[in-house]
Amino acid sequence: MSQSTLKGYMLPLSPGGKASLLDPPPWHYGGEAMHLNFKADPEKVRALLPEPLGMGPNPGEGAVWFVEWISVSDASLDLSFVNPERSMYRECIVMIRCDFEGEPGYYVPYIWVDNDFTLMRGFIQGFPKKLGRVHITKLHDLTPMVGGKKGGAKMKGICAAHEERIVEGTLVLKKAIPPEEAPPVKFYLMRHFPDYENPEKPLVHDITMSTVTNVAVKDAWTGEAGVYFMPSLFEEVADLGPVQALEGYTFSIGLTITGGKVLHRFMG
């Protein structure tokens, strides 16, 4: 079978193209996010930033996202009905503030997810995703004696990988806020794909950003945050600590990613 007969956005390619792990963009997302700000040693943050990214206007600051997503593509708009487990995933994102040519944003040095398609999608975008288990408190208005989002309500996010607890975050809600006061997030990402024949010379090594449209936020709250990075034999996120937790937020968010743009190539 020749290469030209195989179809798909990415591996596995197949005659019909249905076996591909991931559909092409546009990708549409709806999520429930917990955003926890923190302050770390600026020098430790600087060590994680690849050039040409700078420290930005808030050196040493970062955030952790615990988020549960529903995600479909133009090619599979009914995915959450046909195959719900393929459209749902959770992730824990560790992000640090930075800037590119004076434009502030976040760089993501570490991220864990619990679904294979979003793992590979992250590699294409520049998110350094690893498999993990992510658990997030669910507040529901009709839970007796607990209730939903309100002043004093408590939320927790936990990220574990290979039987190690890696990240924990907490949020005690204080008050509802207008959606526009929820923290905006703009990602600068690094893609890196090694050359199989020559590991010292990557095939792809660049700084990217996604093209994002249809952004909507609602049901936003702010509160008191807690951020905890645990020591690990295999992870380095705890090297950012000790960190000082700042304010936190929770909100519903929707967006579309139509593709991406390469901002800087390290080669050629």
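Quick note: residue numbers are just sequence positions, from 1.
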Could you list the donor-acceptor pairs under 3.5 angstrom formed by side chains in residues 244-253, with sequence neighbours left out?
from	atom 1	to	atom 2	distance (Å)
Glu247	OE2	Asn37	ND2	2.7
Thr250	OG1	Ala33	O	3.0
Ser252	OG	Glu32	OE1	2.9
Ser252	OG	Glu32	OE2	2.7

If I take atom [atom1] from residue [X] and atom [atom2] from residue [Y], how far apart are they, to the nearest 0.5 angstrom?
X: Thr208; Y: Ile124; atom1: OG1; atom2: CD1; answer: 11.5 Å
X: Arg191; Y: Asp206; atom1: CZ; atom2: CG; answer: 4.5 Å
X: Ile111; Y: Trp65; atom1: CD1; atom2: CH2; answer: 10.0 Å

Per-pair distances, 0.1 Å, donor-acceptor, side chain in residues 167-180, under 3.5 Å, sequence neighbours excluded:
from	atom 1	to	atom 2	distance (Å)
Glu168	OE2	Arg165	NH1	2.7
Thr170	OG1	Gly226	N	3.3

Side-chain donor-acceptor distances from residues 45-60 under 3.5 Å, at least two apart:
from	atom 1	to	atom 2	distance (Å)
Arg46	NH2	Leu49	O	3.2
Arg46	NH2	Leu53	O	3.2

Would you mind writing out the side-chain donor-acceptor pairs for residues 112-120 within the sub-3.5 Å range, not counting sequence neighbours?
from	atom 1	to	atom 2	distance (Å)
Asp114	OD1	Arg90	N	3.0
Asn115	OD1	Phe117	N	3.2
Asn115	ND2	Glu85	O	3.2
Asn115	ND2	Met88	O	3.3
Thr118	OG1	Lys129	NZ	2.6

On the 0 to 90° scale, with breaks at 30° and 60°, tag the Trp69-Tyr89 ring pair as parallel, tilted or perpendicular.
tilted

Assess whether atom CD of Glu181 is packed by more than 12 heavy atoms of other residues, nucleotides or ligands within 6.0 Å.
yes

Is there a side-chain contact between Leu13 and Leu11 in this structure, where contact means two heavy atoms from C-beta onward sitting under 4.5 Å apart?
yes

Taking ring pair (Phe, Tyr, Trp, His ring centres under 6.0 Å) as the test, write out the residues that go with Tyr106, two or more places apart.
none

Side chains of Arg86 and Ser76 only: does a donor on one sit below 3.5 Å from an acceptor on the other?
no

Take Phe229 and Phe38 through the ring-ring contact (aromatic ring centres under 6.0 Å, His included) test and state the conclusion after the steps.
CA-CA 11 Å; Phe229 299 138; Phe38 67 83; 5.6 Å; yes

Under the salt bridge (Lys or Arg N to Asp or Glu O under 4.0 Å) rule, what pairs show up with a residue in residues 70-83, not counting sequence neighbours?
none

